[in-house]
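Accompanying notes for the structure given below.
Labels below follow one simple rule: chain letters A, B, ... track the order of the sequence lines, proteins then strands, and each chain is numbered from 1. These figures come from a predicted structure and were not determined experimentally.
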Number of protein chains: 2
Amino acid sequence: MNQEDIKQIFKSKGIKNTRQRQRVYEYLIACQQPVTADAIYMDLARESAGDETLNLSTVYRILDIFLKQKLIIKSNLTNDNKSTFELNKREHRHHLVCVKCNLVTPITGCPLKGYDQMLSQSTHYEILEHKLEVFGVCPKCQGHS
Amino acid sequence: MNQEDIKQIFKSKGIKNTRQRQRVYEYLIACQQPVTADAIYMDLARESAGDETLNLSTVYRILDIFLKQKLIIKSNLTNDNKSTFELNKREHRHHLVCVKCNLVTPITGCPLKGYDQMLSQSTHYEILEHKLEVFGVCPKCQGHS
DNA sequence: GTAACTGCAAACCTTTTGCAGCTTG
DNA sequence: CAAGCTGCAAAAGGTTTGCAGTTAC
């Protein structure tokens, strides 16, 4: 996906195209993982050359806009009071999180297919979505106790 | 469960028995739901008579201790950057959250029985736990759009 | 009596906001 | 050109910490 493609996505969502928004969106495409606002800011600030400035509050404002247009998803994966953001792939995704190194791996397939519907019948809720995250120790961290 | 029972629980965990800790623990038993530190503080402060003071930072410190002794569980159910705490019943629990009124209802039974083991085999992770939360609109909030 | 706990106030950290200047369409 | 975006600094809100006084064992 190149800059022109991203521009088109923004256009279709009524989002004005700016250098900062391009960069944040490119970053989210590249990292393929839930990330914090601060991580986006730090990484992009680091790789900035000269006048390519980017402010943390701008990152938050951009993330808000992306959220409102449902380009991204917000969640609180860890318990450290930081929100994480990731691209909203249409496919419904879950993650496996390593509690030692914090590596986040997408899980292929949803084990809850059909469950939402069943739950809707038994509770009379209108089910909108579910969040599932699995926690464990990744192969690399096993043994390095 | 009376005060003496709670005292015994504290003793078994090496937690010194104080008035504040008793009150927070009683509160968690009574509310049977994930609650924020602030909610605990507000409710207990309101019902405090005379010298029964309780400080918000004390609530946080008590929750930290309960967490370390695994008496409670911490999570980030909502996206508003507040942590919630609930008693750690040994049975593994999930919740149904109404996105309109924030009502939290426990779900009976875990739809992921056996899934962890399967995932462990396919990923070579040592699976420790999973968190599942389902979001929807409760019967009362439906229609009141 | 002593180690540990609590209240208070201040610090800390993430996130939000007001405003002046700049950019995009 | 006008509307809207960005940077900066300051504020806001949740959580943590230092310290002096109090309490539990």
Side-chain angles (χ1 to χ4, degrees), chain A residues 3-4 6-25 27 34-45 48 50-69 71-72 74-85, chain B residues 3-4 6-25 27 34-45 48 50-69 71-72 74-85:
Chain A
Q3 297 207 344
E4 200 52 41
I6 297 176
K7 202 166 161 181
Q8 285 311 314
I9 292 173
F10 287 175
K11 195 166 194 175
S12 74
K13 294 285 189 178
I15 296 173
K16 197 187 258 191
N17 184 47
T18 69
R19 178 172 51 75
Q20 290 85 341
R21 291 172 184 189
Q22 280 265 350
R23 294 183 70 204
V24 171
Y25 198 84
Y27 183 88
V35 285
T36 63
D38 193 58
I40 299 172
Y41 169 65
M42 297 294 267
D43 284 352
L44 291 183
S48 287
D51 62 339
E52 298 227 321
T53 123
L54 176 61
N55 193 277
L56 180 56
S57 58
T58 303
V59 172
Y60 277 108
R61 281 193 273 232
I62 290 175
L63 291 173
D64 276 347
I65 288 175
F66 287 178
L67 268 177
K68 285 209 184 85
Q69 298 305 325
L71 289 176
I72 61 174
K74 177 178 180 177
S75 47
N76 295 63
L77 275 184
T78 54
N79 274 345
D80 61 355
N81 312 318
K82 290 185 190 176
S83 298
T84 56
F85 304 84
Chain B
Q3 297 207 346
E4 199 53 41
I6 297 176
K7 202 168 163 179
Q8 286 311 313
I9 292 174
F10 287 174
K11 195 166 194 174
S12 74
K13 295 283 190 179
I15 296 174
K16 196 187 260 190
N17 184 47
T18 70
R19 178 175 50 75
Q20 290 86 341
R21 290 170 185 189
Q22 281 264 350
R23 295 183 68 205
V24 171
Y25 198 84
Y27 183 88
V35 285
T36 62
D38 193 58
I40 299 172
Y41 168 66
M42 298 293 269
D43 285 351
L44 291 182
S48 287
D51 62 337
E52 298 227 321
T53 123
L54 175 63
N55 193 277
L56 180 56
S57 56
T58 303
V59 172
Y60 277 110
R61 280 191 274 232
I62 291 175
L63 291 172
D64 276 346
I65 288 175
F66 288 179
L67 267 177
K68 286 209 183 84
Q69 298 305 325
L71 288 176
I72 61 175
K74 176 179 182 179
S75 48
N76 294 65
L77 276 185
T78 54
N79 274 343
D80 62 355
N81 313 316
K82 290 185 192 178
S83 298
T84 55
F85 304 84

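Taking a 6.0 Å sphere around NZ of B:K7, one finds it holds 12 or fewer heavy atoms contributed by other residues, nucleotides or ligands.
For C:dT23, the OP1/OP2 oxygens have no side-chain nitrogen or oxygen of A:Q20 closer than 4.0 Å.
Counting to the nearest Å, the P atom of C:dT24 and the NZ atom of A:K11 are 15 Å from each other. Residue A:M42 contributes atom CE, which lies 12 Å from atom P of C:dC13 at whole-angstrom precision. Atom CG of B:D38 and atom P of D:dG13 are 12 Å apart (whole Å). Rounded to whole Å, the distance from CZ on B:R21 to P on C:dG7 is 11 Å. Rounded to whole angstrom, the span from the CG atom of A:N76 across to the P atom of C:dT14 amounts to 13 Å. C:dC5 atom P lies 15 Å from atom CD of B:Q22, rounded to whole Å. Between the NZ atom of B:K82 and the P atom of C:dT16 there is a distance of 13 Å, given to the nearest Å. Across the protein-nucleic acid pair, A:N81 atom CG and C:dT16 atom P stand 14 Å apart, rounded to whole Å.
Picking from C:dG7, C:dT16, D:dC8 the nucleotide with the shortest atom distance to the side chain of A:N55 gives D:dC8.
If you find the closest nucleotide of DNA chain C to B:T58 and to A:F85, the one lying nearer the 5' end belongs to B:T58.
Residue B:L54 is classed as a sugar-phosphate contact, given heavy-atom separations below 4.0 Å to backbone atoms only.
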- Reading nucleotides 18-25 of chain D from 5' to 3' and marking B where a protein heavy atom lies under 4.0 Å of the base, S where only the sugar-phosphate is that close, and - otherwise, the string is B-----BS
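Residues B:I72 and B:L63 share a closest heavy-atom pair of CD1-O, 3.5 Å.
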